[in-house]
Amino acid sequence: MRGYGDAATTPPPAAAPGAAAPAAPAAARSDWATLGRLVPYLLQYRWRVLAALAFMVAAKLANVGVPVLLKTLVDRMTLPPGDPTAVLVVPAALLVGYGLLRLCTSAFTELRELVFSKATQGATRSIALETFRHLHALSLRFHLERQTGGMTRDIERGVRGIESLISYSLYSIVPTLIEVTLVLTILAVKFDAGFAWITLAALGVYIVFTVLVTEWRTRFRREANQLDSAAHTRAVDSLLNYETVKYFGNEEYEARRYDDSLDQYRRSRIKAQTTLSLLNTGQQLIIATALVAMLWRATAGVAAGRMTLGDLVMVNAYMIQLYIPLNFLGVIYREIKQSLTDLDKMFGLMEREREVADAPGAPDLAVPAGGADVVFDDVRFAYHPSRPILHGVSFTIPAGRTVAVVGSSGAGKSTLARLLFRFYDVSNPPGAGGIRIAGQDIRGVTQASLRRAIGIVPQDTVLFNDSIGYNIGYGRTGATQAEIESAAKAARIHDFIAALPQGYDTPVGERGLKLSGGEKQRVAIARALLKDPPVLIFDEATSALDSANERAIQAELQAAARGKTTLVIAHRLSTVADAHEILVMDGGRIAERGTHAALLAQAGRYARMWELQRNAAE
């Protein structure tokens, strides 16, 4: 089918009257709401989460115990020089305990990561798969309007954001909060509340400063990401249209456009780096001030005899141990905010409502063994309310018969095929006309069963970047090699494939660009023949073939359509002369109908089109 339907422009996002309206992009949610969306995926691994939390607490308890042992070790070794009992009081047990605590800190940390990795990767996989399935379920309108490069970038960052969010929150923020609580408690109980207040005040100032500056910086990071997506979209779009770029010699023009995007991205990244340097400098100033205040108080305590050297060492160890993770708080907070933003974009994609959705409890389409008739009953449709495409189109394709639709471009021919596939829903209210197959309104059955019953040979064939055999076999996954070759023979492409060095394993390139237009169309014909559905649509199925091959394949298509309900959309009238009925469309309405002979006898539109094409051929 044509990339933009019969209308001259891409359908805008507004829906037709009576049709389901396309969902607007979801409004930005709060960070807590985004986290709430993530939690159910992690709760599938609740026992691993609990085990990881237990290991995390054990690791922090061991880590907090290290300065306590270090203090005891220093105090036990405070002896006068030359004291003969020094050898006797070497605290071997304390040394071993110190080493064991250090080992336990690392061991519990690694166990936490090992246990929780399955939950992280499992949640990431579930969300990525759900997003992929949802994107395939969205309407054609969404996919016509999307920018593939930017969308794939959003999904990539969203998946990566899950891992970053879990890693930074569970492995950095929560452990730091536990450690801060334990350290404050020990300082207040062991010494006096002054130590705890200094630490708490420094932490408060540090966190407020970090949050405020990071929030200010976020707009630069967000701008950088938007420019990164724009540059990526521009690059992907240019590369996908490689041939068009070459046709018009616009390589340098495309390079300048891409360089302009990269330059904007560079300037945005420089702003982000400048503000990061400001953040880091301010953080270090706060930490240094707090360390000086704590050590001054501890030194005064040692001088006054209230504290031992071991106490001074312990306070210093706690401060260093506490502020090392805080050094990264700005980075962690920024990454968490960015991960939440990226995750929110991906959740936004997942929440885009389907413009065309199955009715609750919809049954599968039931196709009788003798074939199914297709009825278009007063079908009305508009891509946009201000521009209707179909105006009450009615016709029937009896089971096993062929109906052809002809007319000028923009008459609404390919829109019929899109509606039959339910890429869009008709504008008719339920019960007031529509499209029926075997007496069943297609809006009342599942889309999967509907599309299983229909095969199509589109005018514009786009192939997967895989082998020829894979692309033919895509018509019926699981088909044997013999079945694939049989379909290729029927489409008159087997000999061409067999002559290739790699045969059916020959790669076709991006979108099938290694094949000619005629070869791609014959692959599409073979794919439809392999599917062997009860309803067939030929949308300009032979438009890319030369006259000799067209006549040969036309006979194969007629053989394939025998006994099937077939809708043929064509410009070349010679290809539809044998149809049981021919519909001439004009302006979204059926202007004439009848057999080839009857339409010629009417001397109307069809007769004039026939005469023009015959004269052109001559």
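When reading the values below, keep in mind they use all heavy atoms of this one structure, side chains included, and skip hydrogens, waters and symmetry mates. FYI, the numbering just counts along the sequence from 1.
- Summarising the geometry of V457 relative to A528, their closest heavy-atom pair is CG2-CB, 3.6 Å, with the distance given to 0.1 Å.
- In this structure, V367 and A372 approach most closely via the heavy-atom pair CG1-CB, 4.0 Å.
- Checking side-chain atoms of R451 against main-chain N and O of R422 turns up a donor-acceptor pair under 3.5 Å.
- At a threshold of 4.5 Å between non-hydrogen side-chain atoms, the residues P388 and R380 do not count as touching.
- In this structure, R234 contributes its side chain and R257 its backbone to a donor-acceptor pair below 3.5 Å.
- With salt bridges taken as basic N to acidic carboxylate O contacts below 4.0 Å, none links R401 and E581.
- Taking the side chain as every heavy atom from C-beta outward, M609 and L573 approach each other to under 4.5 Å.
- Using a 4.0 Å cut-off between a side-chain N of Lys or Arg and a carboxylate O of Asp or Glu, R605 and D586 qualify as a salt bridge.
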Inset, instruction - Just do the side chain to side chain contact (heavy atoms under 4.5 Å, CB included) check on T415 and F423 with the steps written out, would you? - result: CA-CA 10 Å; T415 298; F423 288 158; over 6 Å; no
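- Heavy-atom contacts from other residues, nucleotides or ligands closer than 6.0 Å to CD of E252 number 12 or fewer.
- In this structure a side-chain-to-backbone donor-acceptor pair under 3.5 Å is missing from S238 to A235.
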Legend entry - Derivation of the salt bridge (charged side-chain N to carboxylate O under 4.0 Å, His left out) call for D532 and K564: CA-CA 9 Å; D532 192 28; K564 298 182 185 301; 2.6 Å; yes
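- Atoms OH and OG1, on Y606 and T595 in that order, are 9.0 Å from each other to the nearest 0.5 Å.
- Looking only at side-chain heavy atoms (C-beta outward), H596 and I582 come within less than 4.5 Å of each other.
- A donor-acceptor contact shorter than 3.5 Å links the side chain of H580 to the backbone of T402.
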Inset, instruction - Take L600 and W610 through the side chain to side chain contact (heavy atoms under 4.5 Å, CB included) test and state the conclusion after the steps. - result: CA-CA 8 Å; L600 289 180; W610 177 266; 3.7 Å; yes
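- One distance of note links CD1 of I442 with CG of L365; it measures 9.0 Å at 0.5 Å rounding.
- Side-chain contact between Q602 and L599: present, with at least one pair of heavy atoms (C-beta onward) separated by less than 4.5 Å.
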Inset, instruction - Give the C-alpha distance, both sets of side-chain angles, the deciding distance and a yes or no for side chain to side chain contact (heavy atoms under 4.5 Å, CB included) between V374 and V535. - result: CA-CA 8 Å; V374 176; V535 179; 4.3 Å; yes
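- No side-chain heavy atom of P533 sits under 4.5 Å from any side-chain heavy atom of I454.
- Between V584 and I590 there is no side-chain heavy-atom pair separated by less than 4.5 Å.
- The distance from the CD1 atom of I484 to the CZ atom of R527 is 12.0 Å, given to the nearest 0.5 Å.
- Checked for salt-bridge contact, E611 and R608 miss the test: no charged N lies under 4.0 Å from a carboxylate O.
- For the 3.5 Å distance criterion, the side chains of H232 and Y258 fail to qualify, holding no donor opposite an acceptor.
- Listed for the D260 side chain is no donor-acceptor partner under 3.5 Å among the backbone atoms of R256.
- Counting only N and O atoms by type, the side chains of D373 and T565 include no donor and acceptor under 3.5 Å apart.
- Across every non-hydrogen atom of A382 and R387, the tightest pair is CB-O, 3.7 Å.
- Side chains of V393 and R589 form no contact here, defined as non-hydrogen atoms less than 4.5 Å apart.
- A donor-acceptor pair is defined here as one N or O able to donate and one able to accept, closer than 3.5 Å; such a pair exists between the side chain of S449 and the backbone of T446.
- Ring pair F464/Y470 is perpendicular by interplanar angle, where above 60° counts as perpendicular and below 30° as parallel.
- The two atoms that bring A491 and I525 nearest to each other are CB-CG2, 3.9 Å, heavy atoms only.
- Side-chain atoms of V576 and V406, non-hydrogen and from C-beta on, do get closer than 4.5 Å to each other.
- In this structure, F496 places its CZ atom where more than 12 heavy-atom neighbours from other residues, nucleotides or ligands lie under 6.0 Å away.
- The backbone N or O of M585 sits nowhere less than 3.5 Å from a side-chain atom of K413 that would complete a donor-acceptor pair.
- The minimum heavy-atom distance linking G434 with V379 is given by the pair O-CG2, 3.4 Å.
- Distance check: N471 CG to T506 OG1 gives 11.5 Å after rounding to the nearest 0.5 Å.
- Going from atom OG of S467 over to atom CD1 of I497 covers 9.5 Å, rounded to the nearest 0.5 Å.
- What you find for A438 and A366 is that their closest heavy atoms are CB-O, 3.8 Å.
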Inset, instruction - Dump the intermediate steps for side chain to side chain contact (heavy atoms under 4.5 Å, CB included) on T566 and V568, then the final yes or no. - result: CA-CA 6 Å; T566 307; V568 179; 3.8 Å; yes
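- When each of D441, D377, D378 is checked for a salt bridge (Lys or Arg N to Asp or Glu O under 4.0 Å) with R436, only D377 meets the rule.
- Between the CD atom of E519 and the CG atom of L463 there is a distance of 10.5 Å, given to the nearest 0.5 Å.
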